[in-house]
Amino acid sequence: SQTIHQWPATLVQPVGSPLSLECTVEGTSNPNLYWYRQAAGRGLQLLFYSVGIGQISSEVPQNLSASRPQDRQFILSSKKLLLSDSGFYLCAWQTGSRNTIYFGEGSWLTVV
Amino acid sequence: AQSVSQHNHHVILSEAASLELGCNYSYGGTVNLFWYVQYPGQHLQLLLKYFSGDPLVKGIKGFEAEFIKSKFSFNLRKPSVQWSDTAEYFCAVNSGAGSYQLTFGKGTKLSVIP
């Protein structure tokens, strides 16, 4: 069966520091991969999606970037964090034509 | 662009009460519809989904949802809630095959009082 893991689960970082959140999927090949952010009272917002290695699409302009160095690895990064980057970040995967998206456990980021 | 509206931000019910959470979307074409649930301290999980066919879909834990195309709605229901249903519920819409964006509502927090 397929599994998805993301880490770290919680992170407290000072303003201006870099960020790296990592996500890996097991049990499937060539998945679509996603990064979402869940901000309090604002629901889930799609940040990036990837349909293949090295292919990244950004949905909203922001202080973050994403990379997909391997088929089942998706990384969310920032060179300099802002206070507004605080939130709950979710990695997700999707395969086939059924369009169901499955989520990882999430990572809590607090920028101080 | 498609959007999803969940009418209630916070719903408080007593155990055994019936539940209906509203969800409306704004896309006029073919849609795939989802309800996700996030229990306290846990990750987001799929509750149920609709792609085509019978507009009344049944999910896990006794939940069901009805797709009413004319009303652009996909309301979530459960006849008798339990304390363990306390969670945040998200409605989501994907505008059919070929679209990578799953648009979420802002979520409805459900608190069930024992």
Side-chain angles (χ1 to χ4, degrees), chain A residues 1-10 21 23-25 30-52 55-61 66 68 74 87-109, chain B residues 1-10 21-27 29-53 57 59-60 65 74 87-109:
Chain A
S1 63
Q2 300 90 350
T3 57
I4 180 169
H5 301 285
Q6 62 175 103
W7 67 93
T10 58
L21 298 180
C23 172
T24 59
V25 180
N30 197 32
N32 298 330
L33 296 172
Y34 301 81
W35 278 110
Y36 286 88
R37 177 168 58 201
Q38 183 180 348
R42 296 175 62 183
L44 279 161
Q45 181 185 36
L46 177 63
L47 302 176
F48 301 96
Y49 69 86
S50 171
V51 300
Q55 300 178 60
I56 308 295
S57 295
S58 174
E59 286 297 307
V60 293
R68 185 170 177 175
F74 204 25
F88 188 55
Y89 290 83
L90 289 157
C91 181
W93 70 270
Q94 174 194 50
T95 191
S97 61
R98 298 299 288 171
N99 292 316
T100 300
I101 295 181
Y102 297 93
F103 292 85
E105 305 93 337
S107 298
W108 281 105
L109 170 65
Chain B
Q2 58 198 23
S3 65
V4 179
S5 298
Q6 291 183 241
H7 314 302
N8 308 100
H9 177 63
H10 191 185
L21 301 182
C23 173
N24 286 91
Y25 62 93
S26 67
Y27 184 73
T30 302
V31 292
N32 299 323
L33 299 158
F34 307 81
W35 275 98
Y36 286 88
V37 59
Q38 188 171 20
Y39 297 102
Q42 297 187 27
H43 61 276
L44 212 60
Q45 303 171 46
L46 181 67
L47 198 56
L48 49 79
K49 61 188 177 186
Y50 171 81
F51 291 142
S52 63
V57 293
I60 59 172
F74 191 55
E88 191 156 15
Y89 294 81
F90 293 89
C91 181
V93 174
N94 174 284
S95 56
S99 169
Y100 296 105
Q101 180 151 2
L102 194 65
T103 302
F104 286 84
K106 292 186 176 181
T108 298
K109 184 177 178 181

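Every chain is numbered from 1 and lettered A, B, ... according to where its sequence line falls, protein lines coming before strand lines.
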Shortest non-hydrogen separation from A:I101 to B:Y36 and the atoms involved = O-OH, 2.5 Å
Would you please test A:Q38 and B:F90 for side-chain contact (heavy atoms from CB on, under 4.5 Å) and show each step?
-> CA-CA 11 Å; A:Q38 183 180 348; B:F90 293 89; 3.3 Å; yes
Partners of B:T103 by side chain to side chain contact (heavy atoms under 4.5 Å, CB included), sequence neighbours excluded?
-> B:Q2, B:V4, B:Q101
With B:Q45 via side chain to side chain contact (heavy atoms under 4.5 Å, CB included) - residues at least two apart = B:V37, B:Y39, B:Q42, B:H43
Give, as side chain, backbone, both or neither, the part of B:L44 having an atom under 4.5 angstrom from any heavy atom of chain A.
-> both
Can you say whether B:Q6 sits under 4.5 Å from chain A via the side chain, the backbone, both, or neither, judging by heavy atoms?
-> neither
